[in-house]
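Single-structure report; data block below.
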Amino acid sequence: MSEQEVKNLEEIFEARIARDEKIEPKDWMPEKYRKTHIRQISQHAHSEIIGMLPEGNWITRAPSLRRKVALLAKVQDEAGHGLYLYSACETLGISRAELYEQLHSGKAKYSSIFNYPTVTWADMGAIGWLVDGAAIINQVPLCNTSYGPYARAMVRVCKEESFHQRQGFEIMLSLCNGSEEQKAMAQDALNRWWWPSLMMLGPVDAESVHTEQSMKWKLKRKTNDELRQQFIDQTVPQAELLGITVPDPDLKWNEETGHYDFGEIDWDEFWQVVKGHGPCNKERMDARVNAWEEGTWVRDAAMAHAEKKNIKVAKAS
Amino acid sequence: MEKNWPLWEIFVRSKNGLEHRHFGSLHAADAEMAMENARDVYTRRSEGVSIWVVESINITASNPADNGELFEPAQDKVYRHPTFYNLPDEVKHM
Ligand SMILES: [Fe+2]
Ligand SMILES: [Fe+2]
């Protein structure tokens with residue numbers, strides 16, 4: 001194809017998206033669109049899968065059967081989210097094996113929030129409330145994104161997320177209505193998860209390199225800073241309801257703007273964790289790679305069994 | 001000697017009276033496993049009463065590049081629609 005032809009196709013393509021038409025797997029698309037989507041969707045899928053690890057840590061130690069079935073169901077949902085997203089990503093012409101390879105080799109990223117440890121039961125409350133809460137804010141606009149398979153996966157994901165956040169908030173509520181020690185545990189969890197949750201909404205707009213293109217392709221509907229403000233505005237009253245304090249001395253309602261003002265985010269910490277120096281990066285990757293490698297013989301055996309059965313069926317007919 | 005599990009397309013009937021609809025895809029070694037995985041991945045909240053699994057390579061899909069040839073001829077066949085026919089207003093129930 002000549003350069004002019006590609007340019008024409010690109011113009012038709014951008015116009016389709018501007019008209020709110022969806023792009024489907026076999027449609028022509030610019031290479032950059034394909035690559036950007038593979039990067040974002042796979043990063044998202046990896047986050048769902050790695051995200052199971054910090055919570056999986058507490059399933060066997062949940063304080064009651066009610067809490068245990070809820071947490072188990074939540075973690076299972078996250079596995080499902082990973083699968084929906086991997087499938088959507090594969091429609092762009094990359095194999096599952098390649099996607100795993102990128103995760104296991106460290107070439108692909110996942111959300112940094114999962115590199116923090118879950119040290120008390122209250123962390124299960126804080127994660128559901130704050131981490132799933134921030135995820136919902138990130139994800140809801142994606143239900144309308146331009147790439148059909150991604151949008152459809154996100155509709156399914158979003159439907160399942162609200163139970164995650166509610167079960168987390170309920171855990172926080174029980175702790176805050178409990179003994180002094182339990183309330184202190186809830187406060188401690190909020191102290192540790194607040195800032196990393198704010199970082200989940202992404203770098204400040206001035207430093208976010210992909211924003212403009214992503215807006216055009218409807219991979220983004222609002223900027224990182226807008227999403228962060230939305231998260232803070234909706235979460236602070238919830239903390240007040242729990243009777244615990246958001247660990248930000250600069251946090252203040254601004255009558256004029258109708259929003260909360262908040263303090264400086266420690267972006268050095270964010271980039272340190274992204275680069276692999278968070279408290280649990282190594283532990284998470286080791287767990288993931290081990291699970292994959294130790295499962296090899298199971299995958300091989302299943303495949304061998306399927307092939308043997310096929311031969312039998314072929315012989316019988 | 002790792003061989004990757006093939007890809008399967010999953011179709012689910014949400015309730016009797018409705019058709020099976022494409023829900024998504026997943027990897028599995030064989031049809032039986034595809035069925036078990038589809039149950040876990042797509043019907044955790046009673047989303048279905050029946051599942052079809054089809055190995056993806058068995059699906060032949062039309063190519064969007066052929067859309068003109070395939071679908072445009074229908075656009076000028078207005079006589080296939082009831083509104084093409086002029087009838088007096090007095091005619092009821094038609
Ligand atoms: Fe999720
Ligand atoms: Fe979730």
Side-chain angles (χ1 to χ4, degrees), chain A residues 9 12-13 16 21 23-29 72-91 95-101 148-150 152-153 155-157 159-160 163 292-293 295-310 312-313, chain B residues 1-15 18-49 51-72 75:
Chain A
L9 282 173
I12 296 170
F13 180 86
R16 285 181 64 192
E21 272 183 44
I23 307 303
E24 293 296 341
K26 296 185 85 180
D27 292 346
W28 183 88
M29 60 186 79
L72 196 56
K74 178 189 189 288
V75 172
Q76 194 186 5
D77 274 355
E78 306 301 4
H81 298 174
L83 288 176
Y84 307 153
L85 289 160
Y86 280 130
S87 301
C89 198
E90 286 172 80
T91 64
S95 71
R96 182 74 64 89
E98 285 172 278
L99 290 169
Y100 285 161
E101 209 283 316
Y150 192 24
R152 291 191 286 276
V155 169
R156 219 179 286 279
V157 168
K159 260 191 212 152
E160 298 179 352
F163 128 67
W292 180 249
E293 284 176 355
T296 309
W297 72 270
V298 180
R299 293 192 300 278
D300 287 347
M303 210 52 222
H305 175 68
E307 278 165 1
K308 211 159 75 185
K309 253 191 344 195
N310 275 342
K312 260 193 207 153
V313 171
Chain B
M1 69 109 216
E2 185 152 9
K3 245 193 210 157
N4 295 316
W5 288 354
L7 191 66
W8 299 74
E9 300 301 323
I10 312 303
F11 300 82
V12 177
R13 183 202 297 289
S14 321
K15 60 176 190 190
L18 295 178
E19 65 279 68
H20 285 78
R21 205 161 55 79
H22 186 236
F23 262 47
S25 49
L26 51 79
H27 290 270
D30 56 24
E32 198 186 330
M33 190 195 285
M35 185 64 78
E36 283 162 2
N37 290 354
R39 169 195 169 270
D40 286 346
V41 177
Y42 293 109
T43 64
R44 289 196 302 284
R45 290 180 175 81
S46 313
E47 290 93 337
V49 295
I51 301 174
W52 290 347
V53 303
V54 183
E55 203 177 332
S56 308
I57 50 162
N58 292 322
I59 290 183
T60 308
S62 67
N63 187 338
D66 300 333
N67 277 10
E69 198 181 312
L70 287 173
F71 307 120
E72 270 166 29
Q75 281 170 14

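We use all heavy atoms of the structure for the numbers below, so side chains are in, but hydrogens, waters and symmetry mates are not. Every chain is numbered from 1, with letters handed out A, B, ... down the list of sequences.
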Non-hydrogen atoms of chain B under 4.5 Å away: do they reach the side chain of A:N310, the backbone, both or neither? neither

Under a plain distance cut-off of 3.5 Å, with no hydrogens placed, do B:E32 and A:H305 share a side-chain donor-acceptor pair? no

With under 30° as parallel and over 60° as perpendicular, where do the rings of B:Y42 and A:Y84 fit, or are they tilted in between? parallel

Residue A:F163 versus chain B: region with a heavy atom under 4.5 Å: side chain

Among A:E160, A:Q76, A:E307, which residue has the highest count of heavy-atom pairs closer than 4.5 Å to chain B? A:E160

A:K309, part contacting chain B, at a heavy-atom distance under 4.5 Å: side chain

Rounded to the nearest 0.5 Å, what separation is found between the CD atom of A:E21 and the CG atom of A:D27? 9.0 Å

side-chain contact (heavy atoms from CB on, under 4.5 Å) with B:A28: which residues, sequence neighbours excluded? B:W8, B:L26, B:M33, B:A34, B:N37

My understanding is that only residues two or more places apart in sequence, or in another chain, count here; which of them pass side-chain contact (heavy atoms from CB on, under 4.5 Å) with A:R152? A:E24, A:P149

Pick whichever of A:M303, A:K159, A:E90 has the most heavy-atom pairs under 4.5 Å with chain B. A:M303

